[in-house]
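In what follows, a structure is listed as structure tokens, so that the remarks can point back to it.
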Amino acid sequence: MNPQEILARLGIGEWSPGACGAAWLDHPGGGELLSYNPSTGEPLARVAMASAEDYEQVAAAAQETFLRWRMHPAPKRGEVIRQIGLALREHKQDLGALVSLEMGKILAEGLGEVQEMIDMADFAVGLSRQLYGATMQSERPQHRMYEQWHPLGPVGVISSFNFPVAVWSWNAFIAAVCGDTVIWKPSSETPLCAIAVQRICRRVLEDNGWPGVFTLAIGRGSSVGERLLADPRVALISATGSCQMGYRVAEVVGRRLGRTILELGGNNGVIIEPDADLNLALRAVLFGAVGTAGQRCTTIRRIFLHRGIAAEFTDRLKHAYSQIRIGDPLDERTVMGPLANGAAVEDMLDGLRRAVEQGGEVICGGRRLERPGNFVEPALVRARADMPIVREEIFAPILYLIEYQDLEEAIRWHNDVPQGLSSAIFTRNLIAAETFLSARGSDCGIANVNIGTSGAEIGGAFGGEKETGGGREAGSDAWKAYMRRQTVTINWSSDLPLAQGIRFEI
Ligand code: NAD
């Protein structure tokens, strides 16, 4: 596949403006950003970033549109998202290829990401006829109590490089049916994905007379990012990225008592019990640890192997690792593409050095490949749970293998990390599975049995505990974070009884 042809079909030239409010800004003044192909190190295209003044235009459009969009009936808002879902279906192949090209994940995963956007659109359409509030029984005669949900305001979406299109849609499509407008600040690693999505959605929005519902501001964290966080017009900031970024977002948005959804780093563990189906576990661990080159928030980073199966499972895993085809993510035979950039390669190599210093043993992989681009071999490291590095999220394909004797010990070690996103156990023993799922089991936002930690479906609420930030996105009742709750009491009597029996008369 020719990169320039993929870009051209998505309407992206050699140069693009990186800011869009009610209309694309002609000449954003925030400096130039080059997008690189991580498979070759070659530049793909140039983007003009938004300056602080450009951000002001974008935010003003989002605010102005919100004042009208909030009064547009929710099912009609859903209809616009339905059409966006159709447009995404039309562009699925090219957009999926662009995700692979710019981010480096293999094509099947790039396409999967666009499919996730389509699924989110469908989910949001259904939701647009729901957004239910509860009715409560009043203690006072002829009084009615209920709660209703209103749109919140413009929502800022800060997305990470590793899911350059899907993460935005989890937020944007739900926010839009809830009556909010969206200001998107994507990762500087993947500006072209954001521009392509904005172009596809904008065409639909424009046709429906609602161009300012989704806006875009590509820019530096220090200018555009910080402005977005501090902007009192932005009722909610949904931020996906590292824990370090999350602390900053929580601090700045917290200072103005704004709302946040934080979707931060993970350090996901899998426990493999002695009775587990090892074929199943092997396939799940491979996808979970090597998929997206170890650059998912839900990547498996630690496996706890019962000592009864540790030797056999380690041998089988080493064999499987030796067969992984690393290379061009657009080649259908490839299983693992490159890392995002040179710094990610250095982080991985440095992590492996530190793991060895702390007593770990690299038993497979872990070398940089001698070719252009940011290619590495995925690594297996025999480790102990008390090695400090095991508690860190290194955003690369390093998998720690830790042996344990009994389940309670494995669960204790599993939970003994700062992050709490996703977790899994492989077992055919009901008691072991239920122990893992109980209140003294996994402390993560996601807990799976006989499934790996990554590849969540959109129907459930997605997110994690502890340093992962506590946010929830996508399915279930995650929509409530994008609306404000109003409790209503209506008195249809001619008396004024007070609650709690209070008498107040003169
Ligand atoms: P990152 O923290 O470097 O960047 C994430 C985003 O935050 C980018 O858009 C970046 O520009 C922005 N940002 C950084 N500083 C900012 C500031 N001061 N103000 C406003 N915006 C700012 O993360 P990354 O390298 O792009 O992504 C990898 C990380 O994301 C990993 O830690 C991964 O686990 C996490 N992640 C979490 C989830 C989840 O749902 N929990 C999903 C995907 C990725």
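Just follow the structure's listing: the first ligand is 1, and inside any ligand the first atom is 1.
With hydrogens and angles ignored, the 3.5 Å screen pairs a side-chain donor or acceptor of N268 with a backbone N or O of C297. Between the side chain of K480 and the main chain of W149, no donor-acceptor pair closer than 3.5 Å is present. D54 places a side-chain N or O within donor-acceptor distance of the main-chain N or O of G29, the cut-off being under 3.5 Å. Judged by distance alone, the side chain of R296 and the main-chain N or O of G288 form no donor-acceptor pair under 3.5 Å. With S242 contributing its side chain and M245 its backbone, the two residues share a donor-acceptor pair below 3.5 Å. Using a distance-only test at 3.5 Å, with no hydrogens or angles considered, no donor-acceptor pair links the side chain of D94 to the main chain of L10. With hydrogens and angles disregarded, a donor-acceptor distance shorter than 3.5 Å links the side chain of T468 to the backbone of G265.
Between S188 and R220 the shortest side-chain heavy-atom distance does not fall below 4.5 Å. Using a 4.5 Å heavy-atom threshold, the side chains of I398 and I389 count as separate.
For atom 15 (N) of ligand 1, the closest non-hydrogen atom on the protein side is M245 CG, 3.8 Å. Residue, atom and distance of the protein heavy atom nearest to atom 34 (O) of ligand 1 are E393 OE2, 2.6 Å. Ranking the protein heavy atoms by distance from atom 26 (O) of ligand 1 puts F161 N, 3.0 Å first. Counting only heavy atoms of the protein, atom 36 (N) of ligand 1 lies nearest to C297 CB, 3.5 Å. In terms of protein heavy-atom proximity, atom 28 (C) of ligand 1 is closest to F395 CE2, 3.6 Å. Looking only at protein heavy atoms, the nearest one to atom 35 (C) of ligand 1 is G241 O, 3.2 Å. E226 OE2, 3.9 Å is the protein heavy atom nearest to atom 17 (C) of ligand 1. Distance from atom 27 (O) of ligand 1 to its nearest protein heavy atom, with residue and atom name: S160 CB, 3.3 Å.
The shortest N/O to N/O separation between E263 and ligand 1 falls below 3.5 Å. Between T468 and ligand 1, no pair of N/O atoms sits closer than 3.5 Å. The shortest N/O to N/O separation between R248 and ligand 1 does not fall below 3.5 Å. For ligand 1, none of its N or O atoms has an N or O atom of T240 under 3.5 Å away. Of the polar atoms of L229, none of the N or O atoms is found under 3.5 Å from an N or O of ligand 1, judged by distance alone.
For R227, the CZ atom is loosely surrounded, since the number of other residues' heavy atoms within 6.0 Å does not exceed 12.
Using a 4.0 Å cut-off to heavy atoms of F462, the atoms of ligand 1 that qualify are 39 (C), 40 (O). Contact atoms of ligand 1 toward P186: 9 (O) (distance under 4.0 Å to a heavy atom of the residue). If you number the atoms of ligand 1 from 1 as listed, the ones under 4.0 Å from a heavy atom of I158 come out as 6 (C), 7 (O), 9 (O), 12 (C), 20 (C), 21 (N). If you number the atoms of ligand 1 from 1 as listed, the ones under 4.0 Å from a heavy atom of N162 come out as 43 (C), 44 (C). For ligand 1, the atoms sitting less than 4.0 Å from at least one non-hydrogen atom of K185 are 9 (O), 10 (C), 11 (O), 12 (C), 21 (N), numbered in the order shown with element in parentheses.
Under 4.0 angstrom from ligand 1, the non-hydrogen atoms of L264 all belong to its backbone. Contacts of E189 with ligand 1, taken as heavy-atom pairs under 4.0 Å, are absent altogether. By the criterion of a heavy-atom distance under 4.0 Å, the backbone of S159, and not its side chain, is placed next to ligand 1.
In this model, a donor atom of one side chain and an acceptor atom of the other lie less than 3.5 Å apart for S423 and S442. No side-chain donor-acceptor contact under 3.5 Å links E377 and Y321.
Annotation: F462 is in aromatic contact with W170 [ring centroid separation under 6.0 Å].
Ranked by closest heavy atom to atom 23 (O) of ligand 1, the top entry among S242, G265, G445 is S242. One option in G225, A194, S188 has a heavy atom closer to atom 20 (C) of ligand 1 than any other, and that option is G225.
A salt bridge (charged side-chain N to carboxylate O under 4.0 Å, His left out) with D416 is found for one member of R391, K466, R384 and no other, namely R391.
Within a 4.0 Å radius of atom 4 (O) of ligand 1, the protein contributes no heavy atom.
Residue contact annotation: G266 has a non-hydrogen atom under 4.0 Å from ligand 1. Within the 4.0 Å heavy-atom shell around ligand 1 one does not find G464.
Minimum heavy-atom separation, F161 to A340: CE1-CB, 3.4 Å.
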